[in-house]
Amino acid sequence: MKIYEKDNSVILEGVADFEPKHIFECGQCFRWIKEENGSYTGVAKGKILNVYREDNKIYLNNTNLEEFNSIWYNYFDLGTNYTEIKNTLKNMDEYLDKACDFGWGIRILKQDGWEMLISFIISSNNRIPMIQKAIENLSREYGKYIGQYNGKDYYAFPTPQELNKASQEEIRACQTGFRDKYIKSTAENIVTNNENISEYTNLNTDECIKQLLKFNGVGPKVGDCIALFGMQKYDTFPVDVWVKRVMQEFYVAEDMSLPKIRTFAIDKFGELAGFAQQYLFYYARELGIGR
DNA sequence: ATGCAGGCGCGCA
DNA sequence: TGCGCGCCTGCA
């Protein structure tokens, strides 16, 4: 991989397993919005970034090499060999073989744990456009203003202290619906107990999820997503309706319960369960499998 | 128009 | 332990 800086952009030439559409539309993030030219603009780590692929070049716009090295290399998990991960999964069965080819450019982003906690509480029984809107509203109302990109204003995701300044009613006014009380309770819980969610990364997967389940609004599926996307717990397997459908289509009986599907998958895919989940989810949702 | 979506908490056996 | 139910809100 060749990396160089040019005109406020960092260009990655010959980077393997990197496709913006796959990365930003495989269900792991809500703040990356597709632009008319097919690029994606998002906010992470308090920075605005625009990402575009042309052939074997990835353009990271609105950044520089210093920022790339300190932030984006890690955020996009560029130190992990996804070719190797896919090869292991592809050798397991024909379904993963197809799913890995289909979502060949997926990478699991290393996102902020606190942001994932609130974002996935919002995701419960909700649709992606609504989730995106709610997170955008919360950020605009309670997060710090970062700046403009292409004439649009961008705001950082609010810290626990910033979000806790909002009342339950004000949180609901941001289109969070009945999840307002979960968000308020969680923010309050973290601020009053002076908890640092990022430390959950150091716990083992079971303990990490057990701690997450203490928060109001966090159940099995949401807890798994926070652990996988915000705390690098790759040996877990979030089962949402799409994953349930694809698992029932390919692996298990129609009447198998969600917790049993989860256990089945963790046993089967082991250390790579989280990666398998992402390839299967993207495959199922894009193709409408089991709908 | 009603039913339902990338679940959760609750009440009840 | 396990299940059924209601829930914001927008959209088909």
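In what follows, chains are A, B, ... by sequence order, proteins preceding strands, each numbered from 1.
- Residue-level contact check: A:Val243 touches neither bases nor backbone, having no heavy atom under 4.0 Å from any strand.
- With A:Ser139 contributing its side chain and A:Ile135 its backbone, the two residues share a donor-acceptor pair below 3.5 Å.
- Side-chain atoms of A:Asp55 never come within 3.5 Å of backbone atoms of A:Lys57 as a donor-acceptor pair (strictly under, hydrogens ignored).
- Salt-bridge annotation for A:Lys98 and A:Asp93: absent, with no side-chain N of the basic residue lying under 4.0 Å from a carboxylate O of the acidic one.
- For the pair A:Arg285 CZ and B:dA5 C1', the computed distance is 12 Å after rounding to whole Å.
- Within the 3.5 Å criterion, the main-chain N or O of A:Trp242 finds a donor-acceptor partner in the side chain of A:Asp240.
- Rounded to a whole angstrom, the distance from the P atom of B:dG11 to that of C:dC8 is 16 Å.
- Between A:Trp32 and A:Trp72, the ring planes lie perpendicular to each other; the angle is over 60°, past the 30° to 60° tilted range.
- As a whole-Å value, the separation of A:Ile121 CD1 from B:dG9 C1' is 13 Å.
- Between the C1' atom of B:dG7 and the CZ atom of A:Arg245 lies a distance of 14 Å, rounded to the nearest Å.
- Among the protein residues, A:Gly217 comes within range of the sugar-phosphate backbone only, with heavy atoms under 4.0 Å from sugar or phosphate atoms but none that close to a base.
- Between the A:Lys133 side chain and the A:Thr176 main chain, no donor and acceptor come within less than 3.5 Å of each other.
- A:Pro238 comes within contact range of no nucleotide atom at all, as no heavy-atom separation falls under 4.0 Å.
- Summary of the strand contacts: A:Asp240 and A:Leu213 both lie near DNA chain B, and taking for each the nucleotide with the nearest heavy atom, the more 5' one is attributed to A:Asp240.
- Among the atoms of the strands shown, only primed sugar atoms or phosphate atoms (P, OP1, OP2) are found under 4.0 Å from some heavy atom of A:Asn216.
- Under a 3.5 Å cut-off, the side chain of A:Arg107 and the backbone N or O of A:Asp17 do form a donor-acceptor pair.
- Judged by distance alone, with hydrogens and angles left aside, the side-chain atoms of A:Gln28 form a donor-acceptor pair with the main-chain N or O of A:Leu109 at under 3.5 Å.
- Between A:Lys233 and A:Asp224, no side-chain nitrogen of the basic residue sits less than 4.0 Å from a carboxylate oxygen of the acidic one, so the salt-bridge criterion is not met.
- Using a 4.0 Å heavy-atom distance criterion, A:Phe215 is classed as a sugar-phosphate-only contact.
- Ring pair A:Phe102/A:Tyr279: centre-to-centre distance not below 6.0 Å.
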Nucleotide N/O to protein N/O under 3.5 Å, stretch nucleotides 11-13 of chain B:
none

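- The distance between atom CD1 of A:Ile122 and atom C1' of C:dC7, rounded to the nearest whole Å, is 16 Å.
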Enumerate all atom pairs, one protein N or O and one N or O from nucleotides 8-12 of chain C, separated by less than 3.5 Å.
unit_1	atom_1	unit_2	atom_2	d
C:dC8	O5'	A:Arg172	NH1	3.3
C:dC8	O5'	A:Arg172	NH2	3.3
C:dC8	O4'	A:Phe178	N	3.1
C:dC8	O2	A:Arg179	NH1	3.2
C:dC8	N3	A:Arg179	NH2	3.4
C:dC8	N4	A:Asn125	OD1	2.9
C:dG10	N2	A:Arg127	NH2	2.8

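- The distance between atom CG of A:Asp255 and atom C1' of C:dG2, rounded to the nearest whole Å, is 15 Å.
- Without hydrogens or angle criteria, A:Glu249 side chain to A:Val246 main chain gives no donor-acceptor distance under 3.5 Å.
- Under the 4.5 Å side-chain contact rule for hydrophobic residues, A:Phe18 and A:Trp104 do not share a cluster.
- Straight-line distance from the CG atom of A:Asp224 to the C1' atom of B:dC8: 14 Å, rounded to whole Å.
- Pairs of Watson-Crick or G-U wobble type, with distances under 3.5 Å, assemble into runs of 3 or more in DNA chain B at these ranges: B:2-5 with C:9-12, B:7-13 with C:1-7.
- Rounded to whole angstrom, the span from the NZ atom of A:Lys221 across to the P atom of B:dG9 amounts to 13 Å.
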